[in-house]
Amino acid sequence: MLIEFFPLDITYKEVNGRPIIYLFGRTKSGEQVCIRDNNFRPYFKVVCEPEALEKIKEVETKKNNDVLKVTDIEEIQTNLIEKPTKAYKVFTNLPKAVPVLKSMIRNIPEVSGVYEYDILFVRRYLIDKEIVPYSLCAIECDQVTEKSKVPVFEVKSIKQLEELPNPKILSIDIEVYNPLGRHIDMDSYPIIMIAFYSKNYKKVLTWKRFKTDEKYVEFLQSEADMIERFKEVIEEFKPDIITGYNSDGFDLPYIKTRAKKYKLKLDLGLDFSELNVNQRGDTKSSISGIVHVDVFKFIRKILGRALDTDVFTLDAVSAELLGEKKHDVDMDALAEHWDNVSDELNTYARYNLQDARLTYMLLEKILPNLIEFIKIIGLPLFDVDRMSFSQFVEWYCIKQASLSDQIVLNKPGYYLEQQRMHDRIKGAFVYEPKPGFYDDIAVFDFRSLYPTIIASHNISSGTLNCDCCRGENEIKTERGTFWYCKKKKGFLSGIIEDLITRRARIKEILKREKADLLLKARSTALKYLANSFYGYLAFSSARWYCIECAESTTAWARQYIHKVIDAAKEKGFTVLYSDTDSVFLLLKDKSKEDALKFAEEINKELPGLMELEFENFFKTGIFVSVKHGEGGAKKRYALLDEKDQIKVTGFEAVRRNWSFIAKEIQQKILNILLREKDVEKAKTYLKEVINDLRDHKIPLGKVIIHTQLVKNIDSYESKGPHVAAAMRMKNKGLDVFPGMIIKFVVTKGEGLIRDKVKLPDELTQEDYDPEYYIKHQIIPGVERIFAVFDINIADVVSKDGEQKTLAGFG
DNA sequence: GAGCATCGGGG
DNA sequence: GTGTACGATGCTC
């Protein structure tokens, strides 16, 4: 019979000494099924003299009652580091035989190399069969009998079609009893609530009865009953995907720990296997047949880079991606309410559900990105959700290697990896700006500089220093002169070129169809992948590590940016600043059109896919020095564009341990200078705020300083102000722990600062010390901005007779 | 300042 | 499970 189904999860089992592959998923008509394949055999690759084959055939060993042996050898024509090579596929009886037998075979003298012995069996299956998870497959199969929650079919043939519409997603979140504030102890403290959320589905389970009007609250008799019910809910709902926020390391392990305590079997898997928590390395929790997606993992590792937030809490991430926050409840009081069986618990049930709801909506938002990575990389959702950028590059290369007959290179051993970690690469070129105030700035940058260099110069480990092209396509670097073949396309450079051109085509379509979310996600995925290649080449544990390739890439980048700078100078522009892939030009007597024409001329001379792009014009800009005195600052400037938007880079304005008033003053002064070019007004404003501070007209909330307590307060050698504040909190009986943000205010008085620290609720607006704030918060934030106009900040802020104590501060 | 240790998210 | 994250930050010597 023919079944069309979307494979979501893949696993394998050993039955009677043979491995069987199981694909779980949903059919087009919506039925959950399992497809079984017992015709796929584990193998790895060997490069050797033909004389070795007799010895390889006989390799055999025993391990825990299993015979591990070579079952077959097949000769293949392939490529090693892009050179034609004869190799052998060595098949074994079991997947676990591979690592054992490869070690034995590597020791045979006629064997020069063993490869592809650590590509997980199920991943090997997907690559070789060219199956893309999440996408519709047409399968010729027969139904078979096997213990399972869903029907099982035996595969005859598989063909790839389209992707799964509307997967059933169930979001979960737990609340636990936690009397000691932050401390988490799965063995001692019970789960008190479990929330579920999906489209048209809400439920909160709990096991103490409180007053509520919410129909979604379901009361159970005990924690054990609640966990049993948790299992039932999942079995009734039949989700394709279960999701949570940090559920890999918190919710699911917690549930498993509690279930174990009550000796409950959590056989959630469609094959009746138990919820699996893998504690080694980064904790992973899985259920066979149902894909567990931890939203936090993907956000932190992949999407987080593109977010403004610097913490990846559910609250911060939801606020940025969804424009919605968690409910504001006092978590420290939850344990007490639970003990007293207070009706306040209803507020916590609502809070619990909201967390599950936010997680659900976040998954809906990021799923298109995940799906695009699945399609590009070809690995299951579970794997893609937990991968890093370097793993994306690596697995994409592994898939491409299989398609273009390249042997997958081995991971470095510990020693080689340590060695590689000492390899240093000369980085980007920075043209330091002269501190100052400037008018009419044009900014240009190279579009995807490193990827386009790799593609255009054919940079790849197999094209490096070829025999045929010495003296051509050559680059001088810190570790020698390298050249790259001009006749044959490289493996890595070919992959990058393909990624760049595919993305360019998608961007063309997006110009017409702006709202296509999947296309947008695909464009993003291709961009992330291409941009990760340079880092991958220099990543010490990469299979395709190539320090010469990485070194050549930055060397060419420096060469190109120099070329642009020289050409700009020749055309009469003043180069203000340049960093890595961008140049800032002063227009002076030139027009914008002149600047655009200049870029056009540069582009005529650039090879391949490289392009210098116009970024923006800025009406005004301030470049500030980092050090005192002369010398420009790297990456510390503020610009005003033609739409009157201010772009600030590198100022500490966003630092958490600054008071609000310090940030506010810095921003306002930049505003006045850039928009009104009025230094006197900025000075007057500063004087006014300082007078307000001295008159205690600034509200207390604006002078609170936030600093993170990084360790236990007893282990601080030097007692900084925030430690002093933490000690005050502890003395008041408040919970103090490493990692928490301490809020404090510095008050008037004699002696050390730490003796003048008070907690915000201990004082009034009259108590803070204006001079402390002026000296330690206001001045450091604006001093260098005023220095650009040759203004000594001390003159502006000084009280009579105190000038000298302020001079040169910072 | 190199080298080592811890942390993140979660209640 | 054909395994053992990773990059940033802070502390110590």
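Every heavy atom of this structure was used, including side-chain atoms; hydrogens, water molecules and symmetry mates were not. Proteins get letters first, then strands, A, B, ... in listed order; numbering begins at 1 in each.
Picking from C:dC6, B:dG11, B:dG8 the nucleotide with the shortest atom distance to the side chain of A:Arg300 gives B:dG8. Checking B:dG11, C:dG3, B:dG9 against every side-chain atom of A:Arg280, the shortest atom distance belongs to C:dG3. Closest contact between the side chain of A:Phe539 and the listed nucleotides B:dG11, C:dG3, C:dG7 involves C:dG7. Taking only side-chain atoms of A:Val311, from C-beta outward, the nucleotide of B:dG11, C:dA5, B:dG9 with the closest atom is B:dG9.
Sparse packing is recorded around NZ of A:Lys261, with 12 or fewer heavy atoms of other residues, nucleotides or ligands lying under 6.0 Å away.
Contact annotation: A:Lys411 side-chain N/O to C:dT4 OP1/OP2 distance is under 4.0 Å. In this model, the phosphate group of B:dG9 is not approached by any side-chain N or O of A:Lys301 to a distance below 4.0 Å at OP1 or OP2.
Residues A:Arg350 and A:Tyr216 are in side-chain contact: their nearest non-hydrogen atoms beyond the backbone lie under 4.5 Å apart.
Under 4.0 Å is where a charged nitrogen must lie from a carboxylate oxygen, and between A:Arg41 and A:Asp72 at least one such pair does.
Considering only residues two or more places apart in sequence or on other chains, A:Tyr545 meets the ring-ring contact (aromatic ring centres under 6.0 Å, His included) condition with none of them. With sequence neighbours excluded, the residues forming a ring-ring contact (aromatic ring centres under 6.0 Å, His included) with A:Phe121 are A:Tyr12, A:Phe40, listed by chain and number.
At least one test fails for A:Lys301 against the ring of A:Phe389: distance under 6.0 Å to the centre or angle within 45° of the axis. A:Tyr43 carries A:Lys89 over the face of its six-membered ring, with the cationic atom under 6.0 Å from the centre and within 45° of the normal.
Taking a pair as Watson-Crick or G-U wobble with both distances under 3.5 Å, the runs of three or more consecutive pairs in DNA chain C are B:1-8 with C:6-13.
When A:Tyr348, A:Tyr351, A:Phe210, A:Tyr177 are each tested for a ring pair (Phe, Tyr, Trp, His ring centres under 6.0 Å) with A:His337, only one passes: A:Tyr348.
Listed by first and then second residue, the salt bridge (charged side-chain N to carboxylate O under 4.0 Å, His left out) pairs that reach into residues 334-348 of chain A come to none, sequence neighbours excluded.
Shown for residues 11-22 of chain A: residues whose heavy atoms fall under 4.0 angstrom of DNA chain C, namely A:Tyr12. Within residues 87-106 of chain A, the residues approached by DNA chain C to less than 4.0 Å at the level of any non-hydrogen atom are A:Pro95, A:Val98, A:Pro99, in residue-number order.
With DNA chain B read from its 5' end, the first of the two nearest nucleotides for A:Asp173 and A:His422 is the one closest to A:His422.
Ring geometry, A:Phe392 versus A:Phe373: the interplanar angle falls under 30°, so the pair is classed parallel (tilted spans 30 to 60°).
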